[in-house]
Amino acid sequence: MEDVVIRIVELKKSFENNRVLDGVNLEVERGKITVIIGKSGSGKSVLLKHIIGLMKPDSGEIWVDGVEITRLDESELNKMRTKFGVLFQEAALFDSMTIWENVAFPLIERTKMRKEEIKRIVDEKLEQVGLFGHDDKLPSEVSGGMKKRAGLARALVLDPPVVLFDEPTAGVDPVTALTILRLIQDTQRKLKKTYVIISHDIIGMFRIADKVAMLSGGKIIAYGTPEEIISMDVEEISQFLEAARIKEIGGKK
Amino acid sequence: MNLKEILKPLSRFVSELGMVGYLFFQCALLAFQRPLKIDYIVRQMEFVGVKSLPVVFLTGTFTGMVLALQSYYGFRKVGAEGLIGVTVALSMTRELGPVLTGLMVASRAGSAMAAEIGTMRVTEQIDALVVMALNPVKYLIVPRVIASFLMLPILTIIADVLGILGGYFVAVKLLDVGEGIFLNRMYRYLEFHDIYVGLVKAACFGIIFSLICCCKGFYAKGGAEGVGKATTEAVVASCVSILVSDYILTSLLF
Ligand SMILES: Nc1ncnc2c1ncn2[C@@H]1O[C@H](COP(=O)(O)OP(=O)(O)O)[C@@H](O)[C@H]1O
Ligand SMILES: [Mg+2]
């Protein structure tokens, strides 16, 4: 049996008359990179916010390490949240703090570490994402790609076993996108963490994914390894692959 | 127009009142919970208090000056110029000091609170705090409300003093009212209670505007446009609430 960290069962969510999630079923395996692909507006961010307890579903269940989280109160949710690191879509760095302070913030607020130790860890993380030397800049003074890398460092700084990524490569140039993908892959390999990535960047994500799930019409319509997904005969996937011109690449594999 | 359309703004008002009330109780609970976040409070005290000094300075001085000028016009008709001092002092301490300080600080610092917190909401910075298992009300709203609660009385004292000095300058130096009678009447009729009432009102205004502005920002949605809208609404709602609660507080504290 596979070791499942997150199990989502028949998750449904509507905003007024807009049904966004219409019965999502998904299992995320421990120590793997699971990528959830979907068009923009398909409800990927909404799904991610349910996993971390920022939104409550209309119905359905979410199990994290054997605990059903949709009915937990805020203090129980907070216990569950310590297992997660999150990289938000626009990085969501605190704009009143420097890059260094942003990365140090979870350590300062969540742990009782001493100053020197915090400094050592933060410097190491910044080094890891290639931001050493930019640490005293404000988020408004750096590029989008640097913000994402700082956001990644902040998400990893407490060493959480599960990391969620909301569109890590959206809105940055292709070269930076590749750097970010490599960073994601490297950190995952090194630390053996569970990564859940939501994205519409099908080419980039197929390079690093262990498992791919396709979100469309409020449901997961396909799930499998990248190779399995490419060989599936599902309309939405063909459209996606066609748009991304990955068919030939897929065929060569 | 059907009943539903008439009731819509009313239900919106009630639900917003509910949100502000909810935040008030949250703040009251969290304010005494460790860690106290003193550094966050001090930073906000600097922002709300120190940075408001110039505007409070100007408002207080000119209000006192125009009060002296206007009351001179009225009192001269009945030969009671000697009452200008006490009129200026009572008006400043009981009413204009706290209200004008409240309105000026709400427009200056309150708008910034709504804009900052609103931006943090729409750029997911508040979600980031929640995900780190930290309470955003504790980190963002409590320090601002405490700072406003503490700083408004202090700013009001400054406005009161400058208003009285401005009134003194206009009455005694420009309009030749006797210095002795100006000060004598003021000392005789201005009571500590008058100053106290004004400061209590100021502290309440501090809580009211900071809660409203933080609340508007906290529940902002719809990107930069939404933040702009929330900021405007926050300032208008704060100013109206200050004036309405001013009447209620004055009648209670009379
Ligand atoms: N807080 C919200 N209130 C109302 N509608 C929302 C909210 N969040 C998301 N939606 C709607 O849900 C749909 C999916 O949004 P989202 O998950 O952000 O898409 P994406 O897949 O691009 O991340 C959109 O139609 C959006 O308008
Ligand atoms: Mg999204």
Side-chain angles (χ1 to χ4, degrees), chain A residues 15 45-46 48-56 72-97 101-112 139-140 144 147-148 150-152 154-158 160 162-167, chain B residues 8 15 22-23 25-26 29-30 33-44 46-48 51 109 112-144 147 214 217-224 226-227:
Chain A
F15 296 104
S45 297
V46 170
L48 182 120
K49 285 183 178 159
H50 278 88
I51 297 175
I52 194 74
L54 286 169
M55 285 183 178
K56 292 275 179 209
L72 297 183
D73 66 27
E74 205 58 21
S75 71
E76 292 168 313
L77 272 178
N78 279 342
K79 248 177 254 157
M80 182 278 292
R81 284 177 183 138
T82 58
K83 293 179 188 159
F84 287 90
V86 184
L87 173 58
F88 285 95
Q89 192 154 352
E90 308 288 340
L93 299 175
F94 301 120
D95 38 35
S96 58
M97 299 179 192
E101 288 167 336
N102 262 288
V103 179
F105 185 77
L107 291 173
I108 295 171
E109 299 296 332
R110 301 286 319 160
T111 69
K112 292 197 166 56
S140 57
K147 274 189 226 177
K148 293 227 162 154
L152 179 63
R154 187 178 70 179
L156 296 175
V157 77
L158 284 176
V162 187
V163 188
L164 310 177
F165 299 82
D166 192 347
E167 308 262 13
Chain B
K8 209 170 168 192
S15 83
Y22 169 76
L23 277 185
F25 281 109
Q26 284 262 299
L29 288 176
L30 291 168
Q33 211 173 73
R34 278 166 200 287
L36 293 177
K37 295 281 150 220
I38 303 288
D39 49 334
Y40 283 59
I41 298 174
V42 170
R43 202 181 313 151
Q44 289 301 325
E46 191 207 341
F47 178 70
V48 175
K51 299 252 167 80
M113 290 177 188
E116 280 166 17
I117 297 180
T119 304
M120 293 187 73
R121 167 62 74 194
V122 300
T123 57
E124 299 179 318
Q125 292 174 52
I126 293 182
D127 287 342
L129 272 176
V130 174
V131 163
M132 292 173 198
L134 301 171
N135 187 334
V137 176
K138 171 96 191 170
Y139 280 76
L140 300 177
I141 302 185
V142 171
R144 286 175 166 86
C214 290
F218 199 68
Y219 294 106
K221 55 182 167 211
V227 175

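Only a predicted model underlies this, so the values are computations on that prediction, with no experimental measurement involved. Letters A, B, ... are given to chains in the order of the sequence lines, protein chains preceding strands, and every chain is numbered from 1.
Using a 4.5 Å heavy-atom threshold, the side chains of B:Lys37 and B:Gln44 count as separate. Considering only heavy atoms from C-beta on, A:Glu101 stays 4.5 Å or farther from A:Phe105 through its side chain.
Annotation for A:Glu90: atom CD does not count as buried by contact number, only 12 or fewer foreign heavy atoms lying within 6.0 Å. Shown here is A:Lys56, whose NZ atom has more than 12 heavy atoms of other residues, nucleotides or ligands within 6.0 Å.
Checking side-chain atoms of B:Gln125 against main-chain N and O of A:Asp95 turns up a donor-acceptor pair under 3.5 Å.
Of all non-hydrogen atoms in A:Gln89 and A:Ser45, the two that sit nearest each other are OE1-OG, 3.5 Å. Minimum interatomic distance between A:Phe165 and A:Leu48 (heavy atoms only, all atoms of both residues): O-CD1, 4.1 Å.
Proximity to chain B among residues 77-87 of chain A is limited to A:Asn78, A:Arg81, A:Val86, judged by heavy-atom separations below 4.5 angstrom. Residues of residues 115-123 of chain B lying under 4.5 angstrom from chain A, judged on non-hydrogen atoms, are B:Thr119, B:Met120, B:Thr123 by number. Contacts between residues 128-138 of chain B and chain A, counted as heavy-atom pairs separated by less than 4.5 Å, involve B:Ala128, B:Leu129, B:Val130, B:Val131, B:Met132, B:Ala133, B:Leu134.
Taking the ring axis of A:Phe94 as reference, the NZ or CZ atom of A:Arg154 stays within 45° of it and closer than 6.0 Å to the ring centre.
For A:Leu93, the part sitting under 4.5 Å from any heavy atom of chain B is the backbone (N, CA, C, O) and nothing else.
A distance of 4.5 Å separates OH of B:Tyr219 from CG of B:Leu23, quoted to the nearest 0.5 Å. Atoms SG and CG, from B:Cys214 and B:Leu140 in turn, are 8.0 Å apart once rounded to the nearest 0.5 Å. Rounding to the nearest 0.5 Å gives a distance of 5.0 Å between CZ of B:Arg34 and CG of B:Leu36. Rounding to the nearest 0.5 Å gives a distance of 13.5 Å between CD1 of A:Ile108 and CZ of A:Arg110.
Legend: residues meeting side-chain hydrogen bond (donor to acceptor under 3.5 Å, both in side chains) with B:Asp127, ordered by chain and number and at least two apart, are absent.
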